[in-house]
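In each ligand, atom 1 is the first atom listed, and ligand 1 is the first ligand listed.
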Amino acid sequence: MAATLADLLEKTEAYLPTEKAARVEEAYRFAEQAHDGQVRKSGSPYIQHPLEVALLLAEIRLDSHTIIGALLHDVLEDCPVAPGDLERRFGLDVLKLVEGVTKLTKLEDQTTQTDLGSWDGGKAPLLHAASLRKMLVAMAEDVRVILIKLADRLHNMRTIRALPPRKRLVISRETLDVYAPLSNRLGIGNFGWQLEDLAFRCLHQEQYREISRLLAASRSHRETFIHQVVQTLRKETRGARIKADISGRPKHFYSIYQKMQRYAAQGRDFHKIYDLFGFRVLVDDIADCYSVLGTVHSLWRPIPGEFDDYIANPRENMYQSLHTVVMGPGSQPFEVQIRTSRMHEVAEYGVAAHFRYKEGGHGGDHRFDEQMSWMRQLLEWNQDEPGTEQFIESVKTDIFPDQVFVYTPKGQVRELPMGATPIDFAYRIHTELGHGCRGAKINGKLVALDRPLRNGDTVEILVSKTEKGPSLDWLNADLGFVKTANARDKIRAWFRRRARAENIAQGRVLLEKELRRLHIGIADEGVAALLGYESTDDLLAALGSGATSTLQLAPKLLADAVPAPPLEAPPDTGALPAVMVNGMPNMLTRLGQCCHPLAGDPIVGFVTRARGVTVHRESCRSLHHLTEAERRIAVSWGVTTRPYPAKVAIEAWDRLGLLRDITTVLSSENVNIAAVRSTHHKRGTVVELLTVETNGATQLSRILSRLEQVKAVIRVTRTG
Ligand code: MN
């Protein structure tokens, strides 16, 4: 059933003074004439679209200029109407709104013409970053432009079936990535969930149908359940003399879908999701909110960890409410949201609620609530320096906290997850650029390849002409060279494709290095068997291709005997780490000063005459001299948080700041350095001997890897 001008006027006359409502009608006539003869893809007359957009905004009672702007939002773009005409008829304020929307529409057209084939499957198409920028600049100029644009998108999503399938996908993706988060960030939950559900329906048809089925299958049961809970709550609140408006409904599709995904990530069964219901209680004041909460919690058992007090701690978008999840009748959990009617208005209309027309308001259209600090800040920034980069960056990180936006040398925007490095960037641009990456410049300066990118960085990738292929270190998660799965997959694929012989040779180098570093003497066959490989070559090939890493091997190499947990916490006896003697944690032990055993090392105990049990590494030479076999005793590692010392030798080309860089690595790992000794050699090298206190073999192995990345370091070895 198509909406009519009468519907719009009925809405606007309810809250606008007569003369302003008359302007709305005038604007409608103007738009109708301008769009005369134009038809939408759905076959309906074009005027239907601006009318629906205006209706959406009238429902949330926006000021007359916004409603008029909505009616006229497409006339500059599609009709022979000059900006001067608009200004003369409706004033500068309306003209600016329409021009703002038109700018965004032009950008939108670019986005929707994107070739799907060029998508790299990333979270958002690259153009979205650009569209977001434009949205934010427009928003800073006048947030009502965005409100019109959001309503425009909502109506377009409602009629999206008229478009070809490819276009539907592009628009839906952008809706989910840019428009819905923006609605939510502006607190317009009423637009946000609709945009989400409509886009979700297009993008994930299967899952959408699955949720439909799930909800349909349980319909009668669900209605009984909702009725039962609502009735109980009504009775109780009435008994407590609280005026409450209580409603219950299934949650929105997209929020159920997100929950399904969280469940899947935790390995839980989607069909076990029962809290598909949300109940809402609207009351008059804050005191009532808390008494209703008390009532709910006395009726049904609250689920621990699910209670949020957004009244005491409002969200940044000013959302306020109490949320709790309780175990309902028949062990069905459900959520209850409790808030005042005023809070509800903010929840549904967010920033728009602050623009609502105020009766007889003198310029009240533009007044922000004192508390809308976020929006106010945006506007203040914009007054200082219109559209500054700093402003855009701040807002972007605010709306999309997990993303960074960086530039190519040509000034194109690329969006990457927070923590992404120049290598991720290179692979995002092109696979070959990633493979060839040997260095990077950020804002013109050479940087390390593991430097996380920051918003606004300009990134230039340096490529080697002679060397080819990525480094295996890039796959070592602890070195932090690569953040995105996309880059990691491409690197792995490169190594998989490399000939097996080369992988084996590379694997041998890595294994020998690791064994030397960890100070372990063990035959190749032994290692392969220990790690569950059929042959040495299989192990080496796995290592050389990056299918496994030395970091994964280290703990297994060091501890084929898994340390058993202690029966009780070991006593704190100063420097003693937790070692269990014959399974008992309380024996007096000390670590051998000859071999410095490390948690995870195979160890053996030796009973001394005066000082309890001394713990040695199994390979310790001094054990050979201790011939009295009966004084040997089985020991194992317990669980402790106290540190294990290990000696490390770092050979490096001497340079200024070497020791500082080494200690930076160590302090970022939170390990103490117990002793440092430097030996300078001829030819300009230096050997730093350190004793570091790590929490075990895994950390030590990681530290050795990271130390090797320090500039000028030649070799890092564990010496004891
Ligand atoms: Mn439009």
* **Polar contact flag, side-chain donor to acceptor under 3.5 angstrom, Asn156-Arg40** => yes

* To do: Answer yes when Asp93 and Lys96 have at least one side-chain N-carboxylate O distance shorter than 4.0 Å, and no when they do not.
  => no

* Asked: Could Arg454 and Asp457 be called an ion pair, given the rule that one side-chain N must be under 4.0 Å from one carboxylate O?
  -> no

* Mind listing the protein N/O/S atoms less than 2.8 Å away from the Mn ion (ligand 1)? Waters don't count. => His49 NE2, His73 NE2, Asp74 OD2, Asp152 OD1

* **Centroid-centroid under 6.0 Å between Tyr208 and His204 rings** => no

* Side-chain contact, heavy-atom cut-off 4.5 Å: Glu99 with Leu95? -> yes

* Side-chain contact, heavy-atom cut-off 4.5 Å: Tyr257 with Ile211? -> yes

